[in-house]
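Okay, structure first, notes after.
Small disclaimer: the values here were computed from a predicted structure and weren't measured. Chain letters run A, B, ... following the sequence lines, proteins first, then strands; residues in each count from 1.
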Amino acid sequence: MSSKVASMRDAVADLVRDGDTVAIEGFTHLISFAAGHEIIRQRKRDLTLARMTPDLIYDQMVAGGVARKLIFSWLGNPGVGGLNAIRRVTEGPGASLEMEEYSHFGMVARYTAGAMNLPFFPLRSYFETDLPKVNPLIRPIDSPYGDGTVYAVPPLRPDVTVIHAQRADAEGNTQVWGLLGCQKEAAFAADRVIVVVEELVEGSIIRADPNRTIVPGIVVDAVVVEPFGAHPSYVQGYYDRDNRFYRDWDPISRDAALTDGWLAEWVHGLSGRAEYVAKLGEERVTSLRPSAPAPSGVVDYGEYR
Amino acid sequence: MSSKVASMRDAVADLVRDGDTVAIEGFTHLISFAAGHEIIRQRKRDLTLARMTPDLIYDQMVAGGVARKLIFSWLGNPGVGGLNAIRRVTEGPGASLEMEEYSHFGMVARYTAGAMNLPFFPLRSYFETDLPKVNPLIRPIDSPYGDGTVYAVPPLRPDVTVIHAQRADAEGNTQVWGLLGCQKEAAFAADRVIVVVEELVEGSIIRADPNRTIVPGIVVDAVVVEPFGAHPSYVQGYYDRDNRFYRDWDPISRDAALTDGWLAEWVHGLSGRAEYVAKLGEERVTSLRPSAPAPSGVVDYGEYR
Amino acid sequence: MSEQRMPAPAGPASASASGSAGGFSRTEMMIVAAARALAGQRVCFVGVGLPNIAVNLAKRTVSPDLELVYEAGVFGAEPARLPLSIGDPTIVTGATAVTSMLELFGYYLQRGLIDVGFLGAAQIDRFGNINTTVIGDYAHPKTRLPGSGGACEIAINARQVFVIMRQSARSFVERIDFRTSPGNLGGAENAARIRREQGWLGSGPSVVVTDLGVYHFDASGEMRLDSLHPGASLDEVRATMGWDPRIADDLATTPAPTADELRLIREELDPDGMYTK
Amino acid sequence: MSEQRMPAPAGPASASASGSAGGFSRTEMMIVAAARALAGQRVCFVGVGLPNIAVNLAKRTVSPDLELVYEAGVFGAEPARLPLSIGDPTIVTGATAVTSMLELFGYYLQRGLIDVGFLGAAQIDRFGNINTTVIGDYAHPKTRLPGSGGACEIAINARQVFVIMRQSARSFVERIDFRTSPGNLGGAENAARIRREQGWLGSGPSVVVTDLGVYHFDASGEMRLDSLHPGASLDEVRATMGWDPRIADDLATTPAPTADELRLIREELDPDGMYTK
């Protein structure tokens with residue numbers, strides 16, 4: 001089986017196409033800012049961006065001009081405020097960005113229906129809310145057992161899903177610990193999958209703990225090794241969430257010119273993530289390392305011959 | 001938080017009631033024969049027994065007279081043959097055991113609907129098969145997106161689910177590695193849950209690797225510590241499947257008198273699992289240990305203060 | 001958004017607030033009152049923002065056995081610090097269980113295992129219906145808010161819903177601009193019928209804690225002021241609500257924050273004042 | 001159930017079976033032919049019984065990169081021994097991924113990631129429709145068989161279905177007693193339409209390997225004998241089928257098992273003869 005290891009530049013160039021529906025998933029944890037920046041850098045256009053929480057990465061991508069539409073369930077900078085670049089193109093009469101909105105469970109259910117090749121997924125949300133009125137894809141469905149009505153959401157099948165993970169082998173067998181979000185569902189739902197990892201490991205490391213594998217190589221098209229590729233998001237056991245960055249983004253993103261300047265300096269002005277990390281500086285990087293290790297312990301699978 | 005640790009005798013006496021729907025789950029792995037034997041020993045009656053694969057444990061329980069009905073998806077002794085005690089009460093004009101039959105995915109979907117409090121779960125199985133004709137609970141449902149019909153199964157909500165696991169803490173926070181089957185879904189779907197473990201561990205062991213937890217104590221009513229409680233089924237890393245037992249059961253179970261004799265000797269004649277293990281003998285037990293350890297490796301969650 | 005600190009109040013409030021030391025802000029009072037409302041609760045779903053600090057304070061005071069559930073997929077979190085976001089590595093390390101969000105929303109929340117869902121809101125009406133989606137018209141909003149996140153499903157499936165929010169004429173409104181999360185709908189009778197018919201496991205909104213007081217819901221399903229915070233007046237309450245509020249006959253005064261509560265907020269949970277300034 | 005061993009055949013079969021040593025049983029021939037059919041396949045869903053040994057033989061011979069998927073929740077199994085059951089600790093240790101059965105059936109099988117589903121059967125008809133549920137009437141069966149297990153969903157969702165079973169007048173029948181797993185239904189045209197309309201990702205049955213020969217499906221969706229095993233005759237084939245079988249114009253003779261294939265079966269995979277005796 002051949003290696004799928006690729007550079008971020010090649011993976012994005014080969015696998016992300018103008019007009020695609022792209023999901024860079026990861027719920028606060030493991031958000032691939034490195035992939036988002038590369039998509040901006042390569043000036044992809046007319047993308048439909050799907051994410052439960054668009055977060056700063058989609059604020060930057062919308063500011064970078066790659067997006068036509070957002071599919072989401074919570075639009076904000078958690079604990080800080082709004083996503084200001086997105087607000088500029090969604091508020092008032094000049095709103096230009098198309099929006100398709102769900103709740104968190106609705107988005108998870110959409111990915112799950114995609115991952116399971118189901119025509120819909122049922123859930124108890126939405127009844128007596130205004131969400132189905134503004135999103136005609138949220139539809140009522142009667143239980144075939146005569147016990148009432150629930151709502152359904154349709155499958156979400158991204159053209160490309162990007163997930164970040166602690167580690168994978170060269171075939172793309174991928175392991176994650178800490179928050180899992182809906183990364184597994186988003187990956188299985190997609191046509192093409194890019195996995196970005198902190199560390200490339202031997203297959204034997206993966207196979208020593210098969211219960212830890214969340215995505216098998218069979219659904220993965222490219223493995224990109226990009227340490228610190230999730231910053232300012234975080235990677236459990238590797239680095240902390242850079243809350244300072246999340247706070248600093250607020251005043252930058254409130255001003256279109258400052259935002260453009262930031263993109264020029266930190267995205268277009270850099271060749272990739274390695275330069276980004278160098279520019280961030282040793283001190284900042286070091287300050288985000290965990291204060292101490294917290295080892296999982298070992299379990300024994302046993303040899304059975 | 002108080003300890004839920006109980007003896008098998010007390011757990012079964014308190015939590016399993018005549019007429020209950022009982023699911024002893026575990027797909028080949030982690031089947032709680034100890035709980036099944038205690039239910040026979042306490043002469044529970046009129047149980048509806050749910051399991052994907054009834055396996056020897058339900059053959060024994062049916063022979064022991066505890067069952068009124070089976071809910072299942074595959075009825076056999078894998079690689080050996082049929083379940084003969086069950087065949088005696090399901091074949092021919094004198095069939096007395098009620099049967100409700102699904103496919104594997106249908107059973108998993110039923111537990112999942114129960115675990116998610118959904119009125120139904122959709123799946124692509126059953127179309128153009130005879131299963132919906134003989135099980136009216138398998139019903140067609142139209143996609144609300146106009147793209148065809150799938151089938152639905154109703155939630156399965158056992159009164160009691162019993163799962164076996166490698167380890168839990170005294171509150172019932174339970175960890176499993178190796179085959180997971182549908183134990184998580186069966187536990188979350190149930191009203192009452194008994195967890196049987198090889199080892200009782202401190203909460204700190206559980207919390208060192210939270211991604212390994214499959215069932216939280218909040219849904220668990222009793223924790224029973226019963227080493228070797230899954231024999232002749234197996235526990236990954238602890239002991240092997242006793243294939244000899246599975247083969248030996250075939251001739252025993254073909255003869256009603258031999259079957260009764262076996263139950264008298266190995267169930268009614270013993271006070272519990274400790275005596276069963278002693279009677280099995282040191283040599284048999286030792287022969288089932290893994291030939292060598294196969295450690296998972298350690299991952300680091302990191303301290304974040 | 002910095003708030004004026006007020007001196008510890010004189011009179012009954014001060015008497016009951018034993019150990020209250022020096023002044024406290026209205027935001028601090030709100031957080032403390034919300035935390036206290038969690039006494040006796042077992043499993044709490046923690047929302048982003050003010051609920052996050054209130055629930056973490058409760059776990060350190062009135063409810064040490066509280067199981068914190070984060071929608072990110074954590075059950076039994078033991079955060080060593082107060083996270084800025086509700087997804088943070090500190091809620092994972094040392095937690096009891098980490099699951100996919102499918103399982104968290106399906107097997108925990110929709111299954112009915114959450115005793116209290118703790119939400120913030122941008123707009124609320126007298127029946128506890130909540131808007132966190134838009135101010136103004138949906139297609140061309142005046143203000144685009146975050147949207148539901150998990151709020152819609154928490155409102156439907158958590159056994160009880162607690163709300164924490166500052167009150168103002170713009171937030172406590174006669175008619176919310178968008179119903180993101182159902183409360184008591186048009187009244188208790190209607191809400192109870194729909195919850196029963198739909199098989200919802202939740203019983204809807206239970207407590208609303210603001211910077212001025214604590215509300216519960218009366219038999220008609222409408223919000224009723226049961227406790228006024230020290231330093232707040234009924235005139236202030238009326239001036240910051242879009243309807244004429246129901247007020248309990250035996251209106252209480254909220255006991256002021258204790259020294260320990262204030263120390264936990266200021267020194268341990270929010271030393272940078274992200275939540276309280 | 002022990003079978004008579006036959007001498008290595010003379011003639012063309014023998015010529016092509018280079019390395020074939022001594023005799024082999026019809027069951028061994030069937031397992032070997034089934035394993036060879038997996039050449040070039042990537043992801044195989046392994047059924048209980050004969051499929052289990054055939055797939056494990058393929059991985060050791062024609063298809064070393066084959067990813068073995070077990071419905072118990074294993075992707076990329078590397079079993080160190082041949083398990084008696086399809087759930088066994090040896091399929092877990094060293095595997096690529098272990099998942100819940102919900103995910104295995106939902107995210108892998110129903111999602112269309114399985115190239116070949118390998119099934120056994122008690123009854124099959126000319127269109128590859130399969131019965132593993134009952135012989136006789138469902139309510140009062142003459143013989144109660146295991147039922148679907150995962151077979152129904154494998155038949156619907158795997159890209160192709162391979163079947164391995166001994167043939168007899170009782171198993172190759174004009175009309176199966178119960179349709180557990182759909183094949184080409186009443187014919188290829190009908191089956192293709194239903195598969196398209198229903199959004200099924202599978203294209204149905206592809207290969208049937210018996211103790212007498214190897215069948216594929218022709219344009220009408222009916223089974224056609226393409227290769228006869230050495231030592232088997234067309235008379236035997238006809239005597240063990242409930243319909244008049246279609247036979248390829250260029251009917252081949254199956255190359256006999258090689259010495260290596262026989263050694264793997266006898267010494268490594270099935271030393272106790274659980275599958276072959």
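Environment of CZ in C/R170: sparse, with no more than 12 heavy atoms of neighbouring residues, nucleotides or ligands closer than 6.0 Å. Under a cut-off of 6.0 angstrom, the local environment of CD in C/E189 is sparse, with at most 12 non-hydrogen atoms contributed by other residues, nucleotides or ligands. A/R284 CZ: more than 12 foreign heavy atoms inside a 6.0 Å radius. Residue C/R175 places its CZ atom among 12 or fewer non-hydrogen atoms of other residues, nucleotides or ligands, all under 6.0 Å distant.
Between chain A and the residues C/E71, C/K142, C/R179, C/H140, the most heavy-atom pairs under 4.5 angstrom are made by C/R179. Contacts with chain C were tallied for A/R241, A/E128, A/H29; A/E128 has the most, counting heavy-atom pairs under 4.5 Å. Among A/N243, A/V108, A/V134, the residue with the largest count of heavy-atom pairs under 4.5 Å with chain C is A/V134. For the options C/P83, C/P146, C/G87, heavy-atom pairs under 4.5 Å to chain A are most numerous at C/P146. Heavy-atom pairs under 4.5 Å with chain C were tallied for A/M99, A/R124, A/E185; the largest tally goes to A/R124. The candidate with the highest count of non-hydrogen atom pairs below 4.5 Å against chain C, out of A/G148, A/G76, A/S73, is A/S73. Of the listed residues (A/Y246, A/F72, A/W177), the one with the most heavy-atom contacts under 4.5 Å to chain C is A/F72. Across C/S85, C/G136, C/G73, C/G199, the residue that shares the most heavy-atom pairs under 4.5 angstrom with chain A is C/S85. If you tally non-hydrogen atom pairs under 4.5 Å between each of A/G181, A/G237, A/S296 and chain C, the highest count goes to A/G181.
Summarising the geometry of C/V48 relative to A/P78, their closest heavy-atom pair is CG2-CB, 4.2 Å, with the distance given to 0.1 Å.
Within the 4.5 angstrom heavy-atom criterion, atoms from both the backbone and the side chain of C/L102 approach chain A. Residue C/Y138 touches chain A through its side chain alone, counting heavy-atom pairs closer than 4.5 Å. If you measure heavy-atom distances from A/I86 to chain C, you find no contacts under 4.5 Å at all. The part of A/R87 that comes within reach of chain C is its side chain, from C-beta onward, which places non-hydrogen atoms under 4.5 angstrom from that chain. If you measure heavy-atom distances from A/Y111 to chain C, you find no contacts under 4.5 Å at all. The contact between C/Q198 and chain A is made by backbone and side chain atoms together, counting heavy-atom distances below 4.5 Å. For A/S103, the parts lying under 4.5 angstrom from a heavy atom of chain C are both the backbone and the side chain. Residue A/M52 touches chain C through its side chain alone, counting heavy-atom pairs closer than 4.5 Å. Interface remark: C/L104 contributes no atoms to any contact with chain A (heavy atom separation under 4.5 Å).
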Checklist entry - How far apart are the C-alpha atoms of C/E103 and A/L180, what are their side-chain angles, what is the distance that settles it, and do they pass the side-chain contact (heavy atoms from CB on, under 4.5 Å) test? => result CA-CA 11 Å; C/E103 292 178 2; A/L180 305 173; over 6 Å; no
Next on the checklist: Please determine whether side-chain contact (heavy atoms from CB on, under 4.5 Å) holds for the pair C/V74 and A/L179, giving the CA-CA distance in whole Å, both sets of side-chain angles, and the decisive distance to 0.1 Å.
Outcome noted: CA-CA 8 Å; C/V74 180; A/L179 299 180; 3.4 Å; yes
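Atoms OG1 and CD1, on A/T53 and C/I86 in that order, are 9.5 Å from each other to the nearest 0.5 Å. Here the OG1 atom belonging to C/T133 is positioned 12.0 Å from the CH2 atom belonging to A/W74, to the nearest 0.5 angstrom.
Note: A/F105 and C/F105 have parallel aromatic rings, judged against thresholds of 30 and 60 degrees for the angle between ring planes.
Heavy-atom neighbours of chain A within the stretch residues 121-132 of chain C, taken at a separation under 4.5 angstrom, are nonexistent. Residues of residues 149-162 of chain C that come within less than 4.5 angstrom of chain A, heavy atom to heavy atom, are C/G149, C/G150, C/C152, C/E153, C/I156, C/N157 in numerical order.
With C/Q110 contributing its side chain and A/L123 its backbone, the two residues share no donor-acceptor pair below 3.5 Å.
Side-chain atoms of C/F178 and A/T129, non-hydrogen and from C-beta on, never get closer than 4.5 Å to each other.
Between the side chains of C/T93 and A/Q236, at least one donor N or O sits under 3.5 Å from an acceptor N or O.
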